[in-house]
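What follows is a set of notes on a single structure, which appears directly below.
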Amino acid sequence: NNVTLVGDVLLASAFISYIGPFTKKYRTELITNKMVPFLRTAANGESIPMSETANPVKILTTEAEIAEWNSHKLPDDSVSVGNGCIG
C-alpha cells in the first residue's frame with residue numbers, strides 16, 4: 001500500500017537494525033511500546049502513515065518463505081523467524 005509504505009519500511013528498517021540481539025519478550029516490548037508509538041508521533045507530533053497492525057516480520061517476508069525456512073530446519077518460533085528476516 002503506497003500510503004503506508006514509508007511507515008512500514010521505517011519499522012522494518014528499525015527492526016533489522018536494532019532487534020537482533022534481544023529476547024522475544026524484549027523484542028515485543030520494543031516494537032509495541034517503543035518503535036510503533038514513536039513512529040505514530042515522529043512527524044512533529046503527527047503519525048507517520050503505517051499499517052494499522054504494523055508487523056515487521058510480515059513486511060519483510062511471506063508465509064511461503066517462512067515455510068521454506070522451516071523445511072530447512074529453521075525452528076518456527078517468532079525469534080527464529082525474526083532472525084531469518086534479519087539474516
Side-chain angles (χ1 to χ4, degrees):
N1 181 338
N2 289 339
V3 174
T4 61
L5 182 64
V6 171
D8 290 348
V9 169
L10 280 170
L11 180 62
S13 299
F15 180 85
I16 290 169
S17 298
Y18 299 108
I19 211 90
F22 301 116
T23 63
K24 178 187 182 315
K25 180 181 177 185
Y26 194 61
R27 286 178 181 201
T28 301
E29 184 178 325
L30 277 175
I31 293 167
T32 305
N33 299 330
K34 301 291 182 190
M35 292 178 178
V36 170
F38 174 78
L39 292 174
R40 298 252 186 244
T41 61
N44 293 325
E46 297 292 322
S47 180
I48 295 174
M50 59 194 307
S51 297
E52 188 62 36
T53 56
N55 180 335
V57 170
K58 290 188 186 280
I59 296 164
L60 295 168
T61 193
T62 64
E63 291 294 323
E65 190 169 32
I66 293 169
E68 182 180 346
W69 296 340
N70 296 149
S71 74
H72 293 288
K73 307 296 185 218
L74 179 74
D76 64 354
D77 64 276
S78 64
V79 173
S80 296
V81 171
N83 289 343
C85 292
I86 294 168

Closest approach of [X] and [Y], non-hydrogen atoms and distance?
| X | Y | answer |
| --- | --- | --- |
| Met35 | Ala14 | CE-O, 3.8 Å |
| Ala43 | Ile48 | CB-CG1, 4.2 Å |
| Ile86 | Gly20 | CD1-CA, 3.7 Å |
| Ala12 | Ile59 | CB-CG2, 3.8 Å |
| Glu63 | Lys58 | OE2-NZ, 4.3 Å |
| Val57 | Gly82 | CG2-CA, 4.3 Å |

Tyr18 atom OH, neighbour heavy-atom count above 12 within 6.0 Å: no

Heavy-atom side-chain contact between [X] and [Y] under 4.5 Å:
| X | Y | value |
| --- | --- | --- |
| Leu30 | Phe15 | no |
| Ile19 | Ile31 | yes |
| Val79 | Arg27 | yes |

Cluster check Phe38, Phe22: I/L/V/M/F/W/Y, side chain < 4.5 angstrom: yes

From Leu11 atom CG to Thr4 atom OG1, the distance as rounded to the nearest 0.5 Å: 11.0 Å

Straight-line distance of Glu52 CD to Asn55 CG, nearest 0.5 Å: 13.5 Å

Ser13 side chain to Val9 backbone, donor-acceptor under 3.5 Å: yes

Main-chain N/O of Asp76 paired with Ser80 side-chain donor or acceptor, under 3.5 Å: no

